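Here the structure comes first, spelled out in structure tokens, and everything after it is commentary.
Keep in mind it's a predicted model, so treat the numbers as computed, not measured.
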Amino acid sequence: MKPQKIITIVIGALLAIAGIYCIVNPASIISMLGWIVGILMVISAAGKIGNWRERNALGFAENYELISAIISLVVGILLMVSNAFKFAISTAIIYILAAWLAVLGVFRILGARNLKQMNVDPTMHLLNYHAQMRSGIVLLVAAAVIFLCPMLVTSAIGFIVGFCLLAFGIRQITIALQM
């Protein structure tokens, strides 16, 4: 067997296993968000510290950049090691999603109201008005559901990610076997 084929099969199997894990334990995907954000913060902080060192050697570094990098580094590490921080970030992401949907819903409803006041072709005008109004209401209902039942969204995201990983893993294995 070719090494590329073996690597593709192993990657596919790992993706499929990760997908099955996410389907069986959908809430785990949200706890991973804390890790992802923490890792990104540490990487960003390391880059900022490197930039500060280069600028300092050239004589034009700002100390607030170093302080912000150190704060990012500390918070990033806390996110990776503290379950409380991971939970806080995951919860914040879910509520930010709900707030975003609510704002979009309000804007759609306001847009529908403005459409109703326009003097244009009545058939096209009413179709757009009703579509805007319905989508605004759906977005507001979705936001309310997320605010009231955040774990429902967590589970849904976990299932969706799990099915995507499983499908991609199976696809990778299928491609490898056809090589």
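Taking CD from E54 and CD1 from I49, the interatomic distance works out to 13.0 Å, rounded to the nearest 0.5 Å. Residue S135 holds its OG atom at 9.5 Å from CG of L104, rounded to the nearest 0.5 Å. L66 CG to R53 CZ: the interatomic distance, rounded to the nearest 0.5 Å, is 10.5 Å. Here CZ of R113 is found 9.5 Å from CE of M133. Values are rounded to the nearest 0.5 Å. Put simply, CD on E62 and CG on N51 are 13.5 Å apart, with the number rounded to the nearest 0.5 Å. From F168, atom CZ reaches atom CD1 of I173 across 11.0 Å, with rounding to the nearest 0.5 Å.
Using a 4.5 Å heavy-atom threshold, the side chains of L73 and M41 count as separate. Between L177 and I9 the shortest side-chain heavy-atom distance falls below 4.5 Å. Taking 4.5 Å as the limit, every side-chain heavy atom of T91 sits out of range of all side-chain heavy atoms of P150.
Pairs passing the side-chain hydrogen bond (donor to acceptor under 3.5 Å, both in side chains) check and including a residue from residues 14-23, sequence neighbours excluded, read Y21-N25. For the salt bridge (Lys or Arg N to Asp or Glu O under 4.0 Å) condition, the pairs that include at least one residue of residues 63-84, sequence neighbours left out, are R55-E65.
Between A102 and L140, the shortest heavy-atom contact is O-CD2, 3.5 Å. Minimum heavy-atom separation, G169 to L15: CA-CB, 3.7 Å. The heavy-atom pair separating A143 from A98 by the smallest distance is CB-O, 3.3 Å. Considering every non-hydrogen atom in both G162 and C22, the closest pair reads CA-CB, 3.4 Å.
I20 belongs to a hydrophobic cluster whose remaining members, ordered by chain and number, are I23, V24, F159, F163, L166, I170; membership requires side-chain heavy atoms of ILVMFWY residues under 4.5 Å apart, directly or through intermediates.
When the side chains of ILVMFWY residues are joined at heavy-atom separations under 4.5 Å, either directly or via intervening members, I175 and I17 end up in two distinct hydrophobic clusters. Note: the hydrophobic cluster containing I43 also contains I77 (ILVMFWY, side chain heavy atoms under 4.5 Å, direct or indirect links). Both I109 and F107 sit in one connected hydrophobic cluster of ILVMFWY residues. Membership requires side-chain heavy atoms under 4.5 Å apart, directly or through other members. I137 and V103 fall within the same hydrophobic cluster, defined by Ile, Leu, Val, Met, Phe, Trp and Tyr side-chain heavy atoms under 4.5 Å apart, directly or through other members. Hydrophobic clustering, with ILVMFWY side chains joined whenever heavy atoms are under 4.5 angstrom apart, keeps W100 apart from Y95.
Within the 3.5 Å criterion, the main-chain N or O of L40 finds no donor-acceptor partner in the side chain of S44.
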